Structures are given as C-alpha cells and as structure tokens.
A.B. asks: 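I have a structure here, written as structure tokens, and I will follow up with some questions on it.
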Amino acid sequence: MALRLYNTLPGKVEEFRSLAGNEVRMYACGPTVYDYGHIGNFRTFVAVDILRRFFRQSGYKVRHVMNITDVDDKIIHNSARDGVSVKQYTEKYEKAFLEDSATLNIEEPVLVHATGHIQEMVELVVALEKKGFAYRADDGSYYFRIARFPEYGKLSKKDFAGMEDGARVDLDEYDKDSARDFALWKAAKPGEAFWETSIGSGRPGWHIECSAMAMAELGETFDLHAGGEDLIFPHHENEIAQSEAKTGKPFVQFWFHARFLLVEGEKMSKSLGNFLTLRDLKLKGYKPSSIRLLLSSVPYRHQLNFTFDGLKQMSSNVDKLRNFQLRLTQAQLPPGASEEMQQLAREGVERMKSALDDDLNTAQAQAAILEMVRKANAAMDSGLAKKDDAPPLLSALERFDEIFAVLKDDDAPKMKATLDWAKSQNRSDISPELQETVGSQSVSHADIEKKIAAMEAARRTRNFPLSDAIRAELNAAGILVEITKDGIRWRRK
Ligand code: AMP
Ligand code: ZN
C-alpha cells in the first residue's frame, strides 16, 4: 500500500505521488522567533518531522526546507520596545528554538531566513506589479490585488465574492472577515527596521517571505507545503495567490495542515494560564521522550488534548519500549527461532506501516508496536523466545524509532541542559522533579552495563556481598536491578 494523505486543497485524502521520481520537495512554515516555542508549535513541528521521516522510510529522498521568520510585525514591535536591533532580538529565540527542536529529536530541515532573502522578495513584488497583480500605495507600500486572482479562496474554501475591491489590510495576521488586498511590502515607518531596496525602503510582509523562499529553494512547483491549521487563511491562501500569479503554474501539490492542540481540554492561551513552552515542561521534570511521544500519539488531523496524565502515560510507554529493547539485547536465549515470536515481529512492522500509510495514523502505529512488545514480553516470560527471535523484534523497534525517535536513552543530558539554562536565568520554577531526573539519569548506559558486568562476575565467584553492594549503589543512583533466570536486568526508576 502506498501513502495516502489528506490534502487541504481538494479537501480529501489522496494517494501521495511525488512530482519527480523518488524525491520529495517539501516546505514547512517555521517559527516566528519572537518568544520561546510552545507545545502547540511543537505539535506541528513534530507532525512535520514524522511525515518527513516516514517519507524517508518509504524510500523517498527528502528535501525539507523551513523558514525562520526573523522579521514581522511582532518582531518589529518587540525589538523597538526593547530598544534592540531586530537581529539581536531574534537571535536568542532562534537559538532556543533550534535547541528545543533538537531536544525533541526533530531533524533539522534546510533553514532559510527571511532577512537573508529580501532581494528575492523584492523581485517577486516587482514581477507581480508588472503583471498587474500588485500595486503601489501612496505611502510606498505594495499590495496584492486579490480581485485580479479569481482563484483566491480555493485553499480555505472561502467565498470572497462581493468583497470591496481595493480595500486593504496592513497587518500580517487577520481573520477572514477582513480579507482584503494584503501587504506585500511595507514602507518604512519612523522607528521601525527597514531595508533599502529598488522598490524603496521598507520591509517585506510575512506572506511574501514564504512564497519567495519556497520557490527559490524548491522551484516554482513542489510536492508539499506544511503548517498548522491556523495558517490556511490568510497565510497559505496568500502564498498561493502570490506564487501562482507570478508563475502561472500550480505552486504546491499537497497541502498538509496539523490541527491545533488543546491543553487539559482548553485552548492554550496566556490569559488562561495554561500556556506551556517546551522549557516549562522540562522545568516541571517531564522528559523530552515522553513529550515527543505524546505530541505524536494522536494523528495530526485530530485534536490532541495535551494533559499531564497523558505525559505520565507516555513516560511509562517509553520505559516499556526501552526496557523491552534492553531485555532483548541482554537475554541469554536458547538457540533457534519460534514461529510465534517471528510472527509478532512481522505483524508489528506491517501494522505500523499500514497505519502510517493511512494518512499518518500515528496512534495506531504506536499501538501496534506496544502490542507487539506486550505479547513478546509475555512470550519471553513463559520461556518461548529463542535466540533468532531477537533480531527481527529489535529491527521492528528500530523501524518504529526511525519515525518516533524515543528509544535512545538520552533524556539525562537534555534535562541537565535545561537545568543549567534555568539556573543561568535565575528561574524560580525549577522543580524538585527536574533535579531528581537529572540526578537519577546521570549515570550513563555504558557505566551501568559495566557495573552489571561486575555484578555478574561477582555472582559467578559467589561473592554475593560484592554483588549486593553494587546493586545497592545502582539503586541509590536510581537504577533498579532485577536478578532473573535469564540473567541480570536493569531499568531506570
Ligand atoms: P508561529 O511561530 O506562531 O508562526 O507558529 C509556528 C507553527 O506552529 C505554525 O505552523 C503554526 O501553525 C503552529 N502552531 C501555533 N500554535 C499552534 C497550536 N496551538 N497547535 C498546533 N500548532 C500550532
Ligand atoms: Zn509560511
């Protein structure tokens, strides 16, 4: 079966076919770097990361471009307010965003900066004006004349008939009721950052940034464009208008939009006090692996309700997966293979693939692998497993992890980085849980293995007091050691 994806443009699920051979060219709207990224942002970025990883697992070569919006209304406003340059203002948040993305094991796309592509944007404005799609207002700003583009509204399915021709909107973000000719280029205003260009001094509107950079990096027509559902209108509608008016060709084949998440059943907002950045969660002691698994636990088109109970559940799921992987690598199994275990591995892989092929049903994909783990653990408990059963099960876990990326035991250094950052910021909300996680996770996998080997050696010479002492030492460091008939097993508490 091939990948089927919901495409916002026709409004239905379609089989994905790339435009050129096995290459996928995709563009995702990146962050506006004016604050720390919140979990809503990361819900969308994790969804795009899962898509990219699944394309690759399905045999595609992926060219994934993402913009960093480092100039827009909010940035101009905030940097002027703080009396710093746009660059000084955005650098800090861009760095934080990239660190947070890495914490969540989001693979880094090719990054493009709005401020690095002003020339391409100016050229696009000039081309649109030449073709009659853009006009210059008295103050030197440029607008897109939406009445000249009859297909305006085709993505958001909004009907703009009867709208007043020539009415304008200057804001980057606005709702459908104020759909108007939108700003492509904003003439410089006193006290605001601007660029000197052939169309005058000013700065680009937000929408033109993405059209210009996407086409510069991926060509006039490319495979897929992604973002959160809030971007359908006006941002993506405007991107289509700008790009297609210029080229006369379809801009994008597939439009991929992730649904907004809720926090504890409510829309996340600063005024409700349920606004959570990734850093807030880590400060509370929640591990990046649990956060990533939760953010990907509901298919991207469904509403994800982010709860603390959910995070705890995910932490336990991560442990189950990691412990099973460890069990498979550590178990001393009798030679041979058992058909039952082989079948479990095969089914796990197949079910995961068909779930993801089905418009990225991540919930079912996770359930398929967790079920494989549960059944395989039970089979191992009853002594069914053989030596040759471990490789296919391990490889099923690896395939899972190529997409979900939670198996690597690397939460400790990531939590430590957050703790150090919080201390440097004199944050008062560092939780005891964070300190504890950093403490209990600070022993490396390799060190634990060494100590376990020492325990085994001690037990072989019947030096039980030494074995017990090592066990107690591990226990104190937050490592639980179990002595079973298969050998010694351990896990982090
Ligand atoms: P921004 O930095 O606001 O431009 O947003 C970056 C990305 O996060 C965009 O793709 C948005 O659509 C997405 N986004 C913002 N808020 C949420 C949310 N609550 N849930 C899901 N995605 C969101
Ligand atoms: Zn964009």
Side-chain angles (χ1 to χ4, degrees), residues 8 26-51 64-75 78 90 93-94 96-98 100-101 104 106 109 111-114 117 120-121 124 155-156 171-173 182 184 204-218 222 224-243 251-252 255-270 272 274-278 291 294-306:
T8 313
M26 61 189 265
Y27 183 93
C29 290
T32 307
V33 280
Y34 72 103
D35 205 344
Y36 292 107
H38 58 68
I39 52 167
N41 299 140
F42 287 110
R43 155 69 161 158
T44 293
F45 294 126
V46 166
V48 175
D49 185 59
I50 300 262
L51 172 66
H64 174 195
V65 174
M66 186 175 82
N67 67 301
I68 301 279
T69 298
D70 54 359
V71 55
D72 87 330
D73 292 348
K74 289 182 290 245
I75 291 171
N78 292 4
T90 55
Y93 293 113
E94 175 172 346
F97 171 76
L98 296 177
D100 288 351
S101 298
L104 288 177
I106 293 173
L111 297 175
V112 287
H113 291 81
H117 289 76
E120 283 96 328
M121 297 169 202
L124 184 49
L155 182 72
S156 54
L171 297 173
D172 280 337
E173 290 176 69
F182 57 90
L184 298 166
W206 172 39
H207 315 297
I208 197 101
E209 293 178 8
C210 284
S211 283
M213 291 191 285
M215 290 196 290
E217 292 294 327
L218 298 172
F222 55 92
L224 185 137
H225 195 316
E229 62 176 347
D230 60 319
L231 299 186
I232 297 173
F233 186 87
H235 188 50
H236 291 161
E237 194 73 63
N238 291 354
E239 279 190 46
I240 292 178
Q242 295 161 151
S243 310
F251 176 45
V252 167
W255 285 92
F256 175 95
H257 291 107
R259 183 109 186 249
F260 259 38
L261 63 59
L262 298 180
V263 172
E264 302 282 351
E266 294 194 88
K267 200 171 165 224
M268 187 169 64
S269 82
K270 286 199 168 138
L272 283 176
N274 65 355
F275 189 89
L276 292 168
T277 66
L278 181 71
I291 302 170
L294 181 56
L295 289 176
S296 57
S297 64
V298 172
Y300 73 98
R301 276 206 303 133
H302 291 249
Q303 194 149 51
L304 167 67
N305 184 20
F306 193 97

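Note that the coordinates shown come from a computational prediction; the quantities given were computed from them, not determined experimentally. Read the numbers this way: they start at 1 and go in the same order the structure lists the ligands and their atoms.
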A.B. asks: Quick check: does any side chain N or O of Glu229 sit under 3.5 Å from a backbone N or O of His257, one acting as donor and the other as acceptor?
C.D. replies: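 Between the backbone of His257 and the side chain of Glu229 there is no qualifying donor-acceptor contact (under 3.5 Å).
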
A.B. asks: From the options Phe260, Tyr93, Phe306, Tyr300, select the one whose nearest heavy atom is closest to atom 17 (C) of ligand 1.
C.D. replies: Phe260

A.B. asks: What angle, to the nearest 10°, do the atoms SG (Cys210) and NE2 (His235) form about the Zn ion (ligand 2)?
C.D. replies: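 SG of Cys210 and NE2 of His235 make an angle of 110° at the Zn ion (ligand 2), to the nearest 10°.
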
A.B. asks: Applying a strict 4.0 Å limit to heavy atoms, is Lys267 in contact with ligand 1?
C.D. replies: no

A.B. asks: Could you tell me, atom by atom, which parts of ligand 1 come under 4.0 Å of a heavy atom of His38?
C.D. replies: 15 (C), 16 (N), 17 (C)

A.B. asks: Identify the two heavy atoms, one from Val48 and one from Ala226, that lie closest to each other, and give their separation to 0.1 Å.
C.D. replies: CG2-CB, 3.8 Å

A.B. asks: Quick check: does any side chain N or O of Arg43 sit under 3.5 Å from a backbone N or O of Leu295, one acting as donor and the other as acceptor?
C.D. replies: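 Indeed, once roles are kept as given, a pair shorter than 3.5 Å links the two residues.
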
A.B. asks: Side chain or backbone of Asp230 under 4.0 Å from ligand 1, or both, or neither, by non-hydrogen atoms?
C.D. replies: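 It is the side chain that touches ligand 1; the backbone stays farther off.
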
A.B. asks: How far is atom 13 (C) of ligand 1 from its nearest protein heavy atom, and which residue and atom name does that atom have?
C.D. replies: Thr44 OG1, 3.8 Å

A.B. asks: Under 6.0 Å between ring centres: does that hold for Phe97 and Tyr36?
C.D. replies: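 Centroid distance Phe97-Tyr36: not below 6.0 Å, so no.
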
A.B. asks: For the pair His225 and Trp255, name the ring-plane relationship: parallel under 30°, tilted 30 to 60°, perpendicular over 60°.
C.D. replies: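 The rings of His225 and Trp255 lie parallel, inter-plane angle below 30°.
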
A.B. asks: I'd like to know whether ligand 1 has Phe45 as a neighbour, heavy-atom separation below 4.0 Å.
C.D. replies: yes

A.B. asks: Using a plain distance cutoff, I'd like to know if Glu229 has any nitrogen or oxygen under 3.5 Å from a nitrogen or oxygen of ligand 1.
C.D. replies: no

A.B. asks: Measuring from atom 15 (C) of ligand 1, which candidate in Ile39, Leu261, Val48, Asn41 has the nearest non-hydrogen atom?
C.D. replies: Asn41

A.B. asks: Do side-chain atoms of Asn67 reach the backbone of His113 as a donor and acceptor pair under 3.5 angstrom?
C.D. replies: no

A.B. asks: Give me the one residue out of His235, His236, Glu237 that meets side-chain contact (heavy atoms from CB on, under 4.5 Å) with Phe233.
C.D. replies: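 Among His235, His236, Glu237, the one meeting side-chain contact (heavy atoms from CB on, under 4.5 Å) with Phe233 is Glu237.
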
A.B. asks: Identify the closest protein heavy atom to atom 4 (O) of ligand 1: which residue and atom is it, and at what distance?
C.D. replies: Thr32 OG1, 3.2 Å

A.B. asks: Aromatic rings Tyr27 and Phe222: how do their planes relate, parallel, tilted or perpendicular, breaks at 30° and 60°?
C.D. replies: tilted

A.B. asks: Tell me whether Glu120 contacts the main-chain N or O of Ala212 through its side chain, where contact means a donor paired with an acceptor under 3.5 Å.
C.D. replies: no

A.B. asks: Select the closest option to atom 18 (C) of ligand 1 among Ala258, Gly40, Ala47, judged by heavy-atom distance.
C.D. replies: Gly40

A.B. asks: Indicate whether any N or O donor in one side chain lies under 3.5 Å from an N or O acceptor in the other, for Tyr93 and Asp70.
C.D. replies: no

A.B. asks: Considering only heavy atoms, does Leu231 approach ligand 1 within less than 4.0 Å through its side chain, its backbone, both, or neither?
C.D. replies: side chain

A.B. asks: Which residue supplies the protein heavy atom nearest to atom 10 (O) of ligand 1, what is that atom called, and how far is it?
C.D. replies: Gly228 N, 3.0 Å

A.B. asks: For ligand 1, which atoms sit closer than 4.0 Å to a heavy atom of Gly227?
C.D. replies: 10 (O)

A.B. asks: What atoms of ligand 1 come closer than 4.0 angstrom to any heavy atom of Pro31?
C.D. replies: 2 (O)

